[in-house]
Number of protein chains: 2
Amino acid sequence: MNIGQASEASGVSAKMIRYYEEIGLIRPMGRTGNNYRVYGDVEVHVLRFIKRARNLGFSLEETERLLKLWQDKDRESAAVKEVAQVHVADLERRIAEMQSMVKTLKHLSHCCSGDNRPNCPILDDLAGEAPHPAGHG
Amino acid sequence: MNIGQASEASGVSAKMIRYYEEIGLIRPMGRTGNNYRVYGDVEVHVLRFIKRARNLGFSLEETERLLKLWQDKDRESAAVKEVAQVHVADLERRIAEMQSMVKTLKHLSHCCSGDNRPNCPILDDLAGEAPHPAGHG
DNA sequence: CCTTGACCTTCCCATGATGGGAAGGTCCAC
DNA sequence: GTGGACCTTCCCATCATGGGAAGGTCAAGG
């Protein structure tokens with residue numbers, strides 16, 4: 001299987017497959033005589049694993065840890081759970097941060113007439129002249 | 001006022017102040033004879049505006065639009081509201097995406113014994129062998 | 001007057017994950 | 001043998017930010 005077919009089968013772009021190889025996330029693939037990378041079902045399975053991890057928001061660094069744990073038959077599931085829980089905590093922190101932004105923005109938008117007049121509480125807030133400061137950071 | 005003092009007064013790093021100037025977000029500052037940038041209260045106010053916009057999650061491109069609207073006394077508040085609402089929609093989309101990840105991850109973590117045994121539903125899911133596929137993307 | 005330290009300047013590089021595209025080699029089908 | 005669809009490597013861009021080097025400037029204190 002060439003890289004294009006592996007890409008098709010895994011949902012990971014050929015560009016990314018080469019990149020993952022470059023950064024050591026996946027092993028350098030064997031090459032045919034014409035210098036083409038060759039993939040088998042095992043490699044496609046790894047790529048799909050990576051893609052799913054990425055879809056769940058894991059960084060490539062976290063994905064690498066998960067991949068190693070997956071391939072380590074002596075792993076402790078606690079280690080996997082730890083990676084997941086740290087990631088969940090990070091997601092929840094970012095969600096809370098964004099929700100706070102949304103809350104402020106919705107309030108300001110609600111207070112904005114949104115017509116052809118120039119007066120605008122959103123700009124007033126950003127300019128630091130409003131009763132409802134931005135307050136995020 | 002030198003760039004260090006403007007940074008102190010605005011909360012924007014000197015590095016970023018120069019960058020904002022470079023990309024045209026703020027006007028190139030006047031220089032003293034020794035080539036130092038000089039800032040006044042007006043510039044600090046602009047920098048604080050930018051910082052607040054960034055704290056609310058606006059991109060620099062959106063911030064530039066807001067800045068121009070702020071400085072346009074003939075603006076229509078509808079234009080400002082539009083920028084804010086588009087941004088809110090984007091935030092909400094990203095929040096929903098992350099919440100979906102959290103939901104899946106919490107479920108998988110809950111099903112994981114998290115002890116010294118290797119069996120792990122989190123890895124099973126990532127490997128595509130689980131009854132609860134990742135399903136994000 | 002000279003040193004020291006705290007500023008300032010520009011320039012290059014790095015992040016994280018991804019895409020675009022150029023220039024060149026290869027292979028298959030017609 | 002030719003065209004098109006692949007493959008290869010290499011460089012550049014994104015977005016916003018920081019690090020750090022190399023060199024200029026200034027103020028305070030000896």
Side-chain angles (χ1 to χ4, degrees), chain A residues 1-26 28-40 43 47 49-67 86-87 90-91 94 97-98 101 136-137, chain B residues 1-26 28-40 43 47 49-67 86-87 90-91 94 97-98 101 136-137:
Chain A
M1 198 175 355
N2 284 341
I3 200 169
Q5 285 141 351
S7 168
E8 183 77 13
S10 65
V12 179
S13 73
K15 209 90 178 179
M16 279 301 101
I17 296 175
R18 294 193 198 96
Y19 175 66
Y20 294 161
E21 180 182 316
E22 185 191 333
I23 64 171
L25 183 60
I26 59 180
M29 294 313 300
R31 305 289 183 109
T32 57
N34 52 27
N35 203 30
Y36 287 11
R37 290 171 179 82
V38 188
Y39 299 85
E43 287 77 27
L47 289 169
F49 182 100
I50 293 170
K51 182 159 187 65
R52 280 169 187 257
R54 298 285 304 125
N55 285 345
L56 285 174
F58 288 105
S59 69
L60 287 184
E61 196 181 340
E62 289 164 331
T63 300
E64 187 173 18
R65 282 202 282 277
L66 293 170
L67 204 45
V86 167
H87 177 45
D90 186 54
L91 284 170
R94 284 152 57 193
E97 198 179 1
M98 286 194 256
M101 294 174 184
H136 298 279
Chain B
M1 198 172 1
N2 284 341
I3 199 170
Q5 285 141 351
S7 169
E8 183 78 12
S10 66
V12 179
S13 74
K15 210 89 178 181
M16 279 300 103
I17 295 176
R18 294 193 197 97
Y19 175 65
Y20 294 161
E21 180 183 315
E22 186 191 333
I23 64 171
L25 184 59
I26 59 179
M29 295 313 300
R31 305 291 181 106
T32 56
N34 53 28
N35 202 31
Y36 287 11
R37 290 171 179 83
V38 187
Y39 298 85
E43 287 77 26
L47 288 169
F49 182 102
I50 293 170
K51 182 159 186 64
R52 281 169 186 257
R54 298 285 304 124
N55 284 345
L56 284 174
F58 287 105
S59 69
L60 287 184
E61 194 179 342
E62 289 164 330
T63 300
E64 186 173 19
R65 283 203 281 277
L66 293 171
L67 204 46
V86 167
H87 177 45
D90 186 53
L91 283 170
R94 285 153 55 194
E97 199 179 1
M98 285 194 258
M101 294 174 184
H136 298 277

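Per chain, numbering begins at 1; letters A, B, ... match sequence-line order. Values reported hereafter were calculated over all heavy atoms of this structure, with side chains retained and with hydrogens, waters and symmetry mates removed.
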Given the rule in the side chain to side chain contact (heavy atoms under 4.5 Å, CB included) test, do Lys51(B) and Asn55(B) qualify, once you have shown the distances and angles that lead to the verdict? CA-CA 6 Å; Lys51(B) 182 159 186 64; Asn55(B) 284 345; 4.0 Å; yes
Nearest-nucleotide comparison on DNA chain C, the residue closer to the 5′ end among Lys15(B) and Asn2(B):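 Upstream on the strand: Asn2(B).
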Could you check which residues of residues 3-13 of chain A get a heavy atom under 4.0 Å from DNA chain D? Sort them by number, please.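 Ile3(A), Gly4(A) - these, ordered by number, are the residues of the stretch whose heavy atoms sit under 4.0 Å from the strand.
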Do His87(B) side-chain atoms and Leu56(B) backbone N/O form a donor-acceptor pair below 3.5 Å?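 Yes; judged by distance alone, with no hydrogens or angles, the pair exists.
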Taking atom [atom1] of [X] and atom [atom2] of [Y], what is their separation to the nearest 0.5 Å?
| X | Y | atom1 | atom2 | answer |
| --- | --- | --- | --- | --- |
| Asn2(B) | Met29(B) | CG | CE | 11.0 Å |
| Ser13(A) | Tyr20(A) | OG | OH | 7.0 Å |
| Glu61(B) | Leu25(B) | CD | CG | 11.0 Å |
| Arg37(A) | Arg18(A) | CZ | CZ | 5.5 Å |

For Ile23(A) and Leu60(A), run side chain to side chain contact (heavy atoms under 4.5 Å, CB included): C-alpha distance rounded to whole Å, both residues' side-chain angles, the deciding distance at 0.1 Å, then the answer. CA-CA 10 Å; Ile23(A) 64 171; Leu60(A) 287 184; 3.9 Å; yes
Please list, in 5' to 3' order, the outermost nucleotides of DNA chain D lying under 4.0 Å from any heavy atom of chain B.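 Reading along DNA chain D, I get dA16(D) to dC26(D).
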At under 4.0 Å between heavy atoms, what does Arg18(A) touch on the DNA or RNA strands: base, sugar-phosphate, or nothing?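 Base contact.
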In whole angstrom, what separates Ile50(A)'s CD1 from dA17(C)'s P?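 Rounding to the nearest Å, CD1 of Ile50(A) and P of dA17(C) are 12 Å apart.
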Between dC7(C) atom P and Tyr39(B) atom OH, what is the distance in whole Å?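 The answer, rounded to whole Å, is 16 Å.
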Can you say whether a donor on the side chain of Tyr19(A) sits under 3.5 Å from an acceptor on the base of dG16(C), or the other way round?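 Under the 3.5 Å cut-off, the side chain and the base do not form any donor-acceptor pair.
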Apply side chain to side chain contact (heavy atoms under 4.5 Å, CB included) to Arg54(B) and Thr63(B), showing your working. CA-CA 7 Å; Arg54(B) 298 285 304 124; Thr63(B) 300; 4.2 Å; yes
Would you say dC27(C) has OP1 or OP2 under 4.0 Å from some side-chain N or O of Asn34(A)?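 True: Asn34(A) side-chain N/O within range (under 4.0 Å) of dC27(C) OP1/OP2.
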